[in-house]
Amino acid sequence: MDDNSYKPSDFIREIIKEDLKTNRYGGHVHTRFPPEPNGYLHIGHAKSICLNFGIAEEFKGLCNLRFDDTNPTKEEAEYVESIKEDVKWLGFDWDGREFYASDYFEQMYQYAIQLIKDGKAYVCDLSSDELREYRGTLTIPGKESPYRNRSVEENLYLFERMRTGEFEDGSRTLRAKIDMSSGNINMRDPVIYRILDTEHHRTGNKWCIYPMYDFAHCISDSIEKITHSICTLEFEDHRPLYDWFLDQLNLYHPRQIEFARLNISHTVLSKRKLVELVEKGYVRGWDDPRMPTIAGMRRRGYTPESIRNFSQRIGVAKRESIVDVALLEHCLREDLNKRAPRVMAVLRPLRVVIENYPEDLVEEIEAINNPEDPSMGTRRIPFSKYIYIEKEDFMEHPPEKFFRLAPGREVRLRYAYFIKCIGVVKDEKTGEVLELHCTYDPATKGGNAPDGRKVKATLHWVSAPHSIEVEVHLYEHLFTVPNPGDYEDFMAYINPQSLQVLNSCKVEPNLLNAKSGEIFQFERLGYFCVDPDSRNGKLVFNRTATLKDEWTNIMKRQKKDK
RNA sequence: UGGGGCGUAGACAAAUGGCAAGUCAGGAGACUUUGGAUCUCCCAUUUAGAGGUUCGAAUCCUCUCGCCCCAGCCA
């Protein structure tokens, strides 16, 4: 799928290879991606998706998409659709194996009855507060429920009545009878069914009791004949329970393997924090291009390939870590560099009059669409006496190492001519540079001087009368600190500059019919994609990523030295 | 302080008793009609620490230290 030769190797793949060698699962590999449909997918989920689907592909196995929909108070059908869209967009295909934990509710109910019959589960009348008290603490063992030793008959009768809706929400639970003194709190007679008289997005009002995760997940895996059930580290403590249910029920037994979830610098990935960003209006929604959600990244201009490549390069391990967002951006640039057509755009226009260029002449200049890929061809760009260049490409008093335009200095206009600055028009009061006067050398057409003289800089430009005015959204990291998740008041570290809207940017006329989602490289500036909010007559571009830029590094260093 | 995990460079991450990979970031240079891309070089005498076993230890043993997770009728 990805055309790089990097072969992932990690402890999970090692385990699978070993299981294949020992024929533990009959030579099959079958994974699953099990999202709860209660929110939008983010880059952390992408890691899991790439892991599960990727492993299935590599080992010629299968990966199911299974919605873990056991809590109707939190889940909605809307999320199911967005999750499917995101997984598909990332380039993975569950090939019709779209399952739901709720598909197995009846079967789970029967397994619960079996547990009761075997004396391994009981109906408990403790309230949630009492349950908490009886559970004990990290250092103090729990106490056994007074209902723990009800007869099988009574348990069966009561559980039946829980199902038929005779009891109030929360008034009773079905609990596994394990060990109240276990050091692992999950084993202290965990709840396996709770009463929740709530409509479910798929089963409607058929049920008023719903299984808990620990019970539902292992059984779902077992029913689907999953071989390797890959989940995140916080479920490590649950593995003994996972194993216990399947052992007691004597069911086909997949192997649960835990890995460290993804963290990325300068952003947050926890559901709670992401919700807060949206609800408090710090971003414009779940698909705001600053969000680390799949939808946000898609709108920002990320490609599925770049995300998949990133997932591969960060590896899989049990050590908790924060991946530098620069690695993600690197993967993005690497992909976009190969595929994005180049185009010229000026974000902060500075008008330039070319004094010795004929007033009415318009030349069509040929430009290469992508130097990385000659098959993408060339295009023509109009050139005239009046052009715009980038404000920051001119300095009246240039510091050392600033190679661009300055009074008396000659530079190249990309694909066009050498120009020399001969005059600066400034606002008398503010001193702001309003306009530049230059001359051009007709002999340098195309960008080379026949006499062999060199210039130190090449500037991008657009012809003023032919340019299109567009809006551009510049994005920076959402947070100013690398690890906002470490702070309870993480909102205090939001980057006030994370969005900057520029309204009078000028782009070359070839962009007139650019379509939503199309990605371009604005030469020397970065990658930009057309936002879906673009309207006729007003294109909106999102800056997907900046280009790496030696000059900004130089400035940063100088700042630091001071 | 009960239970479960994890400590390799600024950030990821390999190495499975035999010369501490690779990537990102950073630095130096070459090249360049994008200060982009590309190319070259540099960036861990040492694997949280201390002991021990061994011809040989990131890897095995012992102890110590640090970090993360668990007390939802959430997943």
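Note that the structure is a prediction, hence the values are computed from the model and not measured. Below, read A as the first sequence line, B as the second, and so on, with proteins coming before strands; counting in each chain starts at 1.
Within 4.0 Å of His238(A), counting heavy atoms only, lies at least one base atom of the nucleic acid. Nucleic acid contact class of Phe215(A) (heavy atoms, under 4.0 Å, all strands): none. If you check every strand for non-hydrogen atoms under 4.0 Å, Arg333(A) touches nothing. Among the protein residues, Arg414(A) comes within range of the nucleic acid bases, having at least one heavy atom under 4.0 Å from a base atom. Across all strands shown, Arg132(A) has heavy atoms under 4.0 Å from sugar-phosphate atoms exclusively, and none from any base. Among the protein residues, Thr70(A) comes within range of the sugar-phosphate backbone only, with heavy atoms under 4.0 Å from sugar or phosphate atoms but none that close to a base. Within the nucleic acid shown, Glu236(A) comes within 4.0 Å of sugar-phosphate atoms alone, with no base atom in reach, counting heavy atoms only. Contacts of Val325(A) with the nucleic acid, taken as non-hydrogen atoms under 4.0 Å apart, are absent. Among the atoms of the strands shown, none is found under 4.0 Å from any heavy atom of Met187(A). Among the heavy atoms of the strands lying under 4.0 Å from Asp549(A) are primed sugar atoms or P, OP1, OP2 only; no base atom is included. Leu547(A) comes within 4.0 angstrom of a base, heavy atoms only. Using a 4.0 Å heavy-atom criterion, one finds that Leu413(A) contacts no nucleic acid atom at all. At the heavy-atom level, Pro371(A) lies under 4.0 Å from base atoms of the strands shown. Nucleic acid contact class of Thr173(A) (heavy atoms, under 4.0 Å, all strands): base.
Nucleotide G3(B) holds its C1' atom 16 Å from the CD atom of Glu234(A), rounded to whole Å. The CZ atom of Arg308(A) sits 22 Å away from the P atom of U23(B) (whole-angstrom rounding). If you measure from atom OH of Tyr210(A) to atom P of A75(B), you get 12 Å, rounded to the nearest angstrom. Distance, Lys454(A) NZ to G35(B) P: 15 Å, rounded to whole Å. To the nearest angstrom, P of G3(B) lies 17 Å from CE of Met180(A). Rounded to an integer number of Å, the gap from CD1 of Ile322(A) to P of C67(B) is 15 Å. Atom-to-atom, CG of Leu174(A) to P of C73(B) comes out at 14 Å; the value is rounded to the nearest Å. Taking atom CG on Leu233(A) and atom C1' on C68(B), their separation rounds to 8 Å, with Å as the unit.
Ring geometry for Trp461(A) versus Phe383(A): interplanar angle over 60°, hence perpendicular rather than tilted (30 to 60°). Taking the six-membered ring where the residue is Trp, Phe235(A) and His238(A) present perpendicular rings, their angle passing 60° and hence far from 30°. Relative orientation of the Phe528(A) and Phe522(A) rings is parallel, given thresholds of 30° and 60° on the angle between their planes.
With RNA chain B read from its 5' end, the first of the two nearest nucleotides for His217(A) and Asn553(A) is the one closest to Asn553(A). Judged by closest nucleotide on RNA chain B, Ser181(A) is the one of Ser181(A) and Lys318(A) placed further toward the 5' end.
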Quick one: side chains of residues 136-148 of chain A, donor-acceptor pairs under 3.5 Å with protein atoms, not counting sequence neighbours, listed by atom name and distance.
| from | atom 1 | to | atom 2 | distance (Å) |
| --- | --- | --- | --- | --- |
| Thr137(A) | OG1 | Thr139(A) | N | 3.2 |
| Thr137(A) | OG1 | Ile140(A) | N | 3.0 |
| Glu144(A) | OE2 | Arg148(A) | NH1 | 3.3 |
| Ser145(A) | OG | Tyr147(A) | N | 3.0 |
| Arg148(A) | NE | Asp189(A) | OD2 | 2.7 |
| Arg148(A) | NH2 | Ile178(A) | O | 3.4 |
| Arg148(A) | NH2 | Asp189(A) | OD1 | 3.1 |
| Arg148(A) | NH2 | Asp189(A) | OD2 | 3.4 |

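Between A25(B), G35(B), U16(B), one nucleotide has an atom nearer to the side chain of Glu14(A) than all others, and that is U16(B). Nearest nucleotide to the Asn71(A) side chain, out of C70(B), A25(B), C74(B): C74(B).
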Could you write out RNA chain B as a dot-bracket string, with dots for unpaired bases, | for bases paired across to another strand, and Watson-Crick or G-U pairs counted at under 3.5 Å?
.((((((..(((.....[...))).(((((.......))))).....(((((..]....))))))))))).....
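Considering only residues two or more places apart in sequence or on other chains, Arg380(A) meets the side-chain hydrogen bond (donor to acceptor under 3.5 Å, both in side chains) condition with none of them. For Asn448(A), the side-chain hydrogen bond (donor to acceptor under 3.5 Å, both in side chains) test picks out no residue, with sequence neighbours left out.
Proximity of the aromatic rings of Phe11(A) and Phe259(A) is defined here by a centroid distance below 6.0 angstrom, and this criterion is not met. The aromatic ring centroids of His217(A) and Tyr213(A) lie less than 6.0 Å from each other.
Classified by its glycosidic torsion, G72(B) falls in the syn category, the angle being within 90° of 0.
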Between protein and nucleic acid, restricted to nucleotides 38-44 of chain B and to nitrogen or oxygen atoms under 3.5 Å apart, what atom pairs and distances do you find?
none

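When the side-chain nitrogen and oxygen atoms of Arg188(A) are compared with OP1 and OP2 of A71(B), none of them lie within a distance under 4.0 Å. Taking side-chain N and O atoms only, Thr458(A) has no distance below 4.0 Å to OP1 or OP2 of U32(B).
Evaluation of the side chain to side chain donor-acceptor pair (under 3.5 Å) test over residues 317-327 of chain A, restricted to residues two or more places apart or in two chains, returns Glu236(A)-Lys318(A).
Asn38(A) and Glu75(A) share no donor-acceptor pair across their side chains, judged by distance under 3.5 Å alone.
Using a 4.0 Å cut-off between charged side-chain N and carboxylate O, Glu410(A) and Lys420(A) make no salt bridge.
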